[in-house]
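We count residues from 1, following the sequence as given.
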Amino acid sequence: MTAPDWLSEGAKHVWRPYCQMKTAPAPLAVVRTHGSRIVLEDGRELVDGIASWWTAVHGYNHPHIAAAVRQQLEAMPHVMFGGLAHQPAYRLAARLAAMLPGELDHVFFAESGSVSVEIAMKMALQFHINRGETGRTRFLSFRGGYHGDTLATMTVCDPEEGMHSLFSGVMPAQVIADLPLDEASEAALDALLAQRGGEIAAMLTEPLVQGAGGMLFHDPEVLRRLRRLADKHGVLLIFDEIFTGFGRTGELFAMQAAGIEPDIVTLSKALTGGTLPLSAAVASKKVFEAFWSDDAGAALMHGPTYMGNALACAAANASLDLFEAGTWTADVARVSAALKEGLEPCRQAPGVVDVRVLGAIGVVEFASPVAVGALCQAFAAKGAWIRPMGKVVYLTPAFTTPDADLEILLSAIRQVIGAGGVEGSGGV
């Protein structure tokens, strides 16, 4: 089918994400979405297996979220957050504080996940500065981790991660360690912190699942070890729940599986149900109190232009309504069971080294990087939108995906990888 005019003309000017545009296949032209499906210009419908990079957890075009956005659009799409306030943002902040465990009570809004991580890092640095600890200027993060593509967040991603290795040395180097998966690695991290803790402002990790680093799972005890070591060495603990937050692992927030909370948590992606960009860095009472002062210089001097965007906050409040209704827990359990059963046969496929499932995350891992572009095309031919990354073919579907659509996704994976020919240059 001939490409539509808008695609042909715009392709001369649009710089696409995560691909070598000279050699990458042309993108698929999308005209609308509904439920768990993406409708293409040529009339085909694809079941979305990754919920638009993990955002559309309630499915596309959810009527409750759409109605909230339409109502807010009529009243006020946006107003600056400096010196002004509006109900959608203030209501959302109070609801997030009530949902999060412990004393994670102070919400700083931004537009994207990467920016929320940068804000969390800035909070951690200034927390120590405001307390007179000027030497804590570095961060400790972990191999396999991914926290964004902006300059500062690149420094806390796995340094061997292919997307960012080109920029080694551009920004100040951070401290990269192995996650404390057992007593030996906990002791090694303890020793590292004893040696360098005085220069570290915070430790940063993705709880339970390191997402873009390869969908790497770890036990809740790892988080408890990090909390103990952070307290012992006087560093802050930041959890990046941009991927794991809002039900993806089976808990509302992944940290709840460990029964502990960080000093700062970052949220985004599913926050608005995949409708509008919004993120938050949520700080504990302890962190916030370091900024509460008669000294104007102790304030956090940060303020994104679209901070607390009213439309996005209205979408997020509607999304939280759906989470509070509680049906998501049964949906995640249903999806999880389908993923476990449907992906298990993949263990026998050529090149597969592991199959694993946690909540509504299903992963087939290969011994070497896979051919992302070719696999996307092969899956699309089977009626599925699945975009592998690195060494993994994975599913993170909307929680509301019907059983029949889940089977389309699972069948596509079994058929395509069972035929072999998945190896390639990797990517995301």
| Which word best sums up how the rings of H106 and F288 line up, parallel for under 30°, tilted for 30 to 60°, or perpendicular for over 60°? | parallel
| message | Working note: F243 + W53, criterion ring-ring contact (aromatic ring centres under 6.0 Å, His included); need CA distance, chi angles, decisive distance, verdict. | response | CA-CA 9 Å; F243 169 42; W53 272 330; over 10 Å; no
| field | From CZ (F239) to CG (L226), nearest 0.5 Å | value | 6.0 Å
| task | Return yes if some donor-acceptor pair links the side-chain N/O of N309 with the main-chain N/O of P77 below 3.5 Å, else return no. | result | yes
| said: What I'd like to find out is whether the side chain of L395 reaches to under 4.5 Å of the side chain of I50, using heavy atoms alone. | reply: no
| request: Report the relative orientation of the aromatic rings in F246 and F323; use parallel for angles under 30°, tilted for 30 to 60°, perpendicular for over 60°. | output: tilted
| remark: Heavy-atom closest pair (L237 atom, A230 atom, distance to 0.1 Å) is CB-CB, 4.1 Å
| Can you find a side-chain donor-acceptor pair between H34 and N61 that sits under 3.5 Å? | no
| query | Counting N and O atoms only, with roles assigned by atom type, does the side chain of E41 sit under 3.5 Å from a partner on the main chain of V31, one being a donor and the other an acceptor? | reply | no
| query | Looking only at atom types and distance, does a side-chain atom of D263 sit under 3.5 Å from a main-chain N or O of A283, one as donor and one as acceptor? | reply | no
| task | Give a yes or no on whether E341 atom CD has more than 12 heavy-atom contacts from other residues, nucleotides or ligands under 6.0 Å away. | result | no
| request: Mark yes when over 12 heavy atoms from residues, nucleotides or ligands other than Y306 sit less than 6.0 Å from its OH; otherwise mark no. | output: no
| task | Starting from the C-alpha separation in whole Å, work towards a yes-or-no answer on side-chain hydrogen bond (donor to acceptor under 3.5 Å, both in side chains) for D240 and Y146. | result | CA-CA 9 Å; D240 177 346; Y146 170 84; over 6 Å; no
| Derivation and outcome, side chain to side chain contact (heavy atoms under 4.5 Å, CB included), residues F81 and T305 | CA-CA 8 Å; F81 217 55; T305 301; over 6 Å; no
| task | Verify the distance criterion only: is there a donor paired with an acceptor across the side chains of T153 and T150 at less than 3.5 Å? | result | yes
| message | Closer than 4.0 angstrom, basic N to acidic O: yes or no for R228 and E186? | response | yes
| said: If you define the side chain from C-beta out and look only at heavy atoms, does anything of W54 sit under 4.5 Å from T396? | reply: yes
| message | Tell me if a side-chain donor or acceptor on H218 pairs with a main-chain N or O of L208 at a distance below 3.5 Å. | response | yes
| note | Closest non-hydrogen atoms of C157 and G148, given as atom of the first, atom of the second and distance, are SG-O, 3.6 Å
| Donor-acceptor contact present, side-chain R136 to main-chain G197, <3.5 Å | yes
| Over 12 non-hydrogen atoms of neighbours within 6.0 angstrom of CE in M21 | yes
| Can a donor-acceptor pair be found between the side chains of S319 and H58 at a distance below 3.5 Å? | yes
| said: Treating T155 as the side-chain partner and L151 as the backbone partner, does any N or O pair qualify as donor plus acceptor under 3.5 Å? | reply: no
| query | Can you list the steps and then say if E118 with S114 is a side-chain hydrogen bond (donor to acceptor under 3.5 Å, both in side chains)? | reply | CA-CA 6 Å; E118 295 229 7; S114 296; over 6 Å; no
| query | Of all heavy-atom pairs between I65 and A318, which one has the smallest distance, and what is that distance? | reply | CA-CB, 3.7 Å
| Counting heavy atoms not belonging to E183, are there more than 12 under 6.0 Å from its CD? | no
| query | Does atom CD of Q71 have more than 12 heavy-atom neighbours, drawn from other residues, nucleotides or ligands, at distances under 6.0 Å? | reply | no
| 4.5 Å side-chain heavy-atom contact, V364 and Y394 | no
| query | Considering only heavy atoms from C-beta outward, does the side chain of V30 approach that of V39 to under 4.5 Å? | reply | no
| query | Say you draw a straight line from CD of Q256 to CE of M99; how long is it, rounded to the nearest 0.5 Å? | reply | 10.0 Å
| query | Any ion pair linking R414 and E407 (charged N to carboxylate O, less than 4.0 Å)? | reply | yes
| message | Can you tell whether the side chains of E344 and R347 come within less than 4.0 Å, N to carboxylate O? | response | yes
| query | Where does the angle between the aromatic ring planes of H302 and F108 fall among parallel (under 30°), tilted (30 to 60°) and perpendicular (over 60°)? | reply | perpendicular
| Quick one: does N317's side chain have a donor or acceptor within less than 3.5 Å of a partner on C313's backbone? | yes
| request: Return the minimal non-hydrogen interatomic distance between S284 and L104, and the atom names on each side. | output: N-CD2, 3.9 Å
| task | Could you tell me the separation between the CZ atom of F142 and the CE atom of M203, rounded to the nearest 0.5 Å? | result | 5.5 Å
| said: Within the structure provided, determine whether S116 and L267 are in side-chain contact (heavy-atom separation under 4.5 Å). | reply: no
| task | Can you measure from CD1 (I242) to CG (L271) and round to the nearest 0.5 angstrom? | result | 10.5 Å
| field | Considering all heavy atoms, the nearest K382-A412 contact | value | CB-CB, 3.7 Å
| request: Answer yes or no: does atom NZ of K285 have more than 12 heavy-atom neighbours from other residues, nucleotides or ligands under 6.0 Å? | output: no
| Can you tell me if S36 and D405 form a side-chain donor-acceptor pair at under 3.5 Å? | yes
| message | Within the structure provided, determine whether L140 and L189 are in side-chain contact (heavy-atom separation under 4.5 Å). | response | yes
| Judged by atom type as modelled, is there a donor-acceptor pair below 3.5 Å linking the side chain of R248 to the main-chain atoms of A360? | yes
| Does the side chain of M215 come within less than 4.5 Å of V209's, by heavy atoms? | yes
| What are the two closest non-hydrogen atoms of A310 and P88, and how far apart are they? | O-CB, 4.0 Å
| Between T244 and E241, a side-chain donor and acceptor under 3.5 Å | yes
| message | side-chain hydrogen bond (donor to acceptor under 3.5 Å, both in side chains), that's the test. Do H147 and S141 meet it? Break it down for me. | response | CA-CA 10 Å; H147 302 286; S141 58; 5.5 Å; no
| message | I'd like to know if R143 pairs up with D178 as an ion pair, taking the criterion as any Lys NZ or Arg NE/NH1/NH2 lying under 4.0 Å from an Asp or Glu carboxylate oxygen. | response | yes
| said: Between R225 and D190, does any NZ, NE, NH1 or NH2 come within less than 4.0 Å of an OD or OE carboxylate oxygen? | reply: no
| message | Does any part of the side chain of R387, heavy atoms only, come nearer than 4.5 Å to the side chain of L375, both counted from C-beta? | response | no
| field | side chain to side chain contact (heavy atoms under 4.5 Å, CB included) between D48 and T33, worked out | value | CA-CA 10 Å; D48 189 350; T33 56; over 6 Å; no
| Rounded distance [0.5 Å steps], CZ in F379 versus CD in Q415 | 10.5 Å
| field | Lys/Arg cation over aromatic F217: R356, 6.0 Å, 45° cone | value | yes
| message | So that I can tick it off, tell me whether R227 and E261 are bridged by a salt bridge, with the cut-off set at under 4.0 angstrom between side-chain N and carboxylate O. | response | no
| said: Does I38 form a side chain to side chain contact (heavy atoms under 4.5 Å, CB included) with R44? I'd like the steps, not just the answer. | reply: CA-CA 8 Å; I38 297 170; R44 288 183 294 159; over 6 Å; no
| Would you say the side-chain atoms of S336 pair up with the backbone N or O of G359, donor to acceptor, closer than 3.5 Å? | yes
| Within the side chain of S52, is there an N or O that forms a donor-acceptor pair under 3.5 Å with the backbone of T55? | no
